[in-house]
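Input: one structure, supplied below.
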Amino acid sequence: MIDLKLLQKEFDSISAKLMRKGVNAELIENLKTKNEELRVAKINFETLQALQNSMSKEFGIYIREKRDVSELKAKVDANKINITEALEIQRFKQEELEAVAMSIPNIPDDEVPDGKDESENVEIKKVLSPREFSFSAKEHWELAEKNGWIDFERGVKLATSRFSVSFGMGAKLERALINFMLNFNSKRGFQEVSVPVIVNRAALEGTGQLPKFEDDLYKIENQELFLIPTAEVPVTNLYQDEILNEAELPIKMTAYTPCFRKEAGAAGRDTRGMIRQHQFHKVELVAITKPDDSDKVFDEMVSCASDLLLALELPHRLVTLCCGDLGFGAAKTVDIEVWLPGQNCYREISSISNTREFQARRAKIRFKEIDKNSFVHTLNGSSLAVGRTLVAIMENCQNEDGSITIPKALEPYLNY
RNA sequence: GGACGAGUGGGUGAGCGGUUGAAACCACAUCCCUGCUAAGGAUGCGUAUGGGUAACUGUACCGAGGGUUCAAAUCCCUCCUCGUCCA
């Protein structure tokens, strides 16, 4: 949720920033109007209510003094009719405003480059050079099947398309990767947490997936419960509606969860292999910080994910997302793209975002300063998508005969 | 699944339908006193939002949502959560 006060005060500059993200001007203007209308309705209601309250107090005094209340009652009754009406108007305006406000994305940071889609993202740097192959590199699905690691057909049999099953070393590698990543993150100061993978509506509204993106979520029938699309949702919402002590911050957490996405609108994209699945494993980083610290922690998170790939000896690059490619809640995002020699391109494997106050405002996560309470900043980032990491290992570490040399960093996790 | 009971401010926990936004205690903050492996005293201290340069002040909130009433933390209904007992 964006700061409506700020929008009101600095309308031109805020709306200019939102328009960089593709929000249309009408919608922003509408938001401003709705906000003003609500204010007027509130003042009207509160004035009437104040009158009512004071008359009610008088009522008490009258009764104690055994005076006649019939005249006062008539006045109070008359006012009550006005109040009921004023309240109704206020409620209506409130709902109208919320509907608009909740659908407005976060304001991008000033240094986020202009651009309409991913083609205009800006590369920051490359880490490790792609290896030279003396043979033509195969794509991961071919390698996965050849090694018996992943069975795509049986996944479909059990559920539907875009589900897969891992066997043997494939399954072990997934588990090894999860443990490797969690340990790595712990050493970097991120506390491990284990959270529910089913959450309620409030949690999803807090992090911004709802109300706008309900179509992307798996919903549990007849209940207001959803499968999480990312651990960001439960982990960030751990502190929903809390006022934290300044001394507790920053809170840095890491969690492994399966993630569930309908991938609505992704028909035809990445249909082969395990790049885009309905269910996938992911290790997530989440941080809750004071506003002044969020840039520093953001950099830590980017390094953490990048160093993880470095430890696995996987070539990758860091990319700053342009305004048009920025997610709904993000003020700034750095993607990490891993090199896939089979596909001959870089593919997203991690995405680290600073949402600044956006989620904190929605989820009401605040911290106590000496004389006031302020919203925290929340950050999240994948570290990493496990399936895609496995894909990257297969494609980068393949040998001519189709076998795969497992990165040394994972050996301690496979010796059993 | 059924029967009770409970849900109050950062925590514990009072609270007759009207001067209760809410006692008390703890924690916390500032100050005072004292000076030694302590303690004592004073004051302040919920959240959100509106108005006002400010002092200050309006409104809402006692699990959530409705209702009764001139007036609800307090009465009624529904739901949620947590206990205890029964199946």
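Every chain is numbered from 1 and lettered A, B, ... according to where its sequence line falls, protein lines coming before strand lines.
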request  = For the residue pair A/E284 and A/T257, confirm or rule out a side-chain donor-acceptor distance under 3.5 Å.
outcome  = no
ask   = For the pair made of CD in A/E248 and P in B/G10, what is the distance, rounded to whole Å?
value = 13 Å
Touch class at under 4.0 angstrom, heavy-atom based, for A/K364 against every strand present = nothing
inquiry  = Just by distance, no angles: are the side chains of A/T378 and A/T355 close enough, under 3.5 Å, to form a donor-acceptor pair?
reply    = yes
message = Rounded to whole Å, please give me the gap between CD in A/E98 and C1' in B/U49.
response = 13 Å
request  = Nearest whole angstrom, please: distance from the P of B/U49 to the CG of A/L38.
outcome  = 13 Å
task = Answer yes when A/E263 and A/R162 have at least one side-chain N-carboxylate O distance shorter than 4.0 Å, and no when they do not.
result = no
inquiry  = Heavy-atom nearest nucleotide on RNA chain B for A/D77 versus A/S374: which residue maps closer to 5'?
reply    = A/S374
ask   = When you compare B/G21 with B/U57, how far apart are their P atoms, in angstrom units rounded to a whole number?
value = 14 Å
Euclidean distance, atom CG of residue A/D241 to atom C1' of B/A64 [Å, nearest integer] = 12 Å
message = Could you tell me how far B/C85 sits from B/U74 if I compare only their P atoms? Round to whole Å.
response = 29 Å
key: B/A48 OP1/OP2 closer than 4.0 Å to side-chain N/O of A/R366   = yes
query = Which whole number of Å gives the distance between the P atom of B/U78 and that of B/A3?
reply = 12 Å
task = Determine the interatomic distance between C1' on B/U20 and the same-named atom on B/A14; round to the nearest Å.
result = 12 Å
message = For B/G50, give the paired nucleotide (Watson-Crick: N1-N3 plus N6-O4 or O6-N4; G-U: N1-O2 and O6-N3; both under 3.5 Å), or none.
response = B/U57
A/E357/A/R361 ion pair, N-O < 4.0 Å = yes
Quiz item: cation-pi between A/K212 and A/F328, 6.0 Å / 45° = no
key: Watson-Crick or G-U wobble partner of B/U78, both distances under 3.5 Å   = B/A64
key: Test item: side-chain donor near acceptor, A/Q90 and A/Q94, under 3.5 Å   = no
query = Given that both distances must come in under 3.5 Å, which nucleotide forms a Watson-Crick or G-U wobble pair with B/G44?
reply = B/C28
ask   = Quick one, which residues of residues 45-59 of chain A touch RNA chain B with a heavy atom under 4.0 Å?
value = A/E46, A/Q49, A/A50, A/Q52, A/N53, A/S56, A/F59
ask   = Looking only at atom C1', what distance separates B/G63 and B/A38, rounded to whole Å?
value = 42 Å
query = Taking C-beta and beyond as the side chain, do A/F280 and A/R261 meet within less than 4.5 Å on heavy atoms?
reply = yes
key: Within residues 79-96 of chain A: residues closer than 4.0 Å to RNA chain B (heavy atoms)   = A/K80, A/R91
ask   = Cut-off 3.5 Å, side chains only: do A/S353 and A/N380 have a donor facing an acceptor?
value = no
ask   = Across all strands, who's sitting opposite B/U19 as a Watson-Crick or G-U wobble pair, both distances under 3.5 Å?
value = none
task = Mind calculating the distance between CD (A/E242) and P (B/G9) to the nearest angstrom?
result = 13 Å
request  = Verify, without hydrogens or angle tests, whether A/H140 (side chain) and A/M274 (backbone) share a donor-acceptor contact under 3.5 angstrom.
outcome  = yes
inquiry  = Can you check the distance between B/C26 and B/G9, where both ends of the measurement are the C1' atom (answer in whole Å)?
reply    = 13 Å
key: Counter-base of B/A72, judged by Watson-Crick or G-U geometry with both distances under 3.5 Å   = none
ask   = Which value, in whole Å, describes the distance between the P atoms of nucleotides B/A42 and B/A27?
value = 15 Å
ask   = Can we say A/D295 and A/R356 salt-bridge, meaning some charged N sits less than 4.0 Å from an Asp/Glu carboxylate O?
value = yes
key: Same-atom distance (P) from B/U37 to B/C32, integer angstrom   = 23 Å
query = Which whole-number value in Å describes the distance from A/Q8 CD to B/G50 P?
reply = 10 Å
request  = Take atom CD1 of A/I43 and atom C1' of B/G51, then tell me their distance rounded to the nearest Å.
outcome  = 7 Å
query = Below 4.0 angstrom from OP1 or OP2 of B/G50, is there any side-chain N or O of A/K42?
reply = no
task = Run the salt-bridge test on A/E139 and A/R272 with the 4.0 Å N-O cut-off and return the result as yes or no.
result = no
remark   = Assign each of A/G60 and A/K5 the nucleotide of RNA chain B bearing its closest heavy atom; nearer the 5' end lies the nucleotide of A/G60
query = A/L225 has an atom CG; how far is it from atom C1' of B/C80, in whole Å?
reply = 12 Å
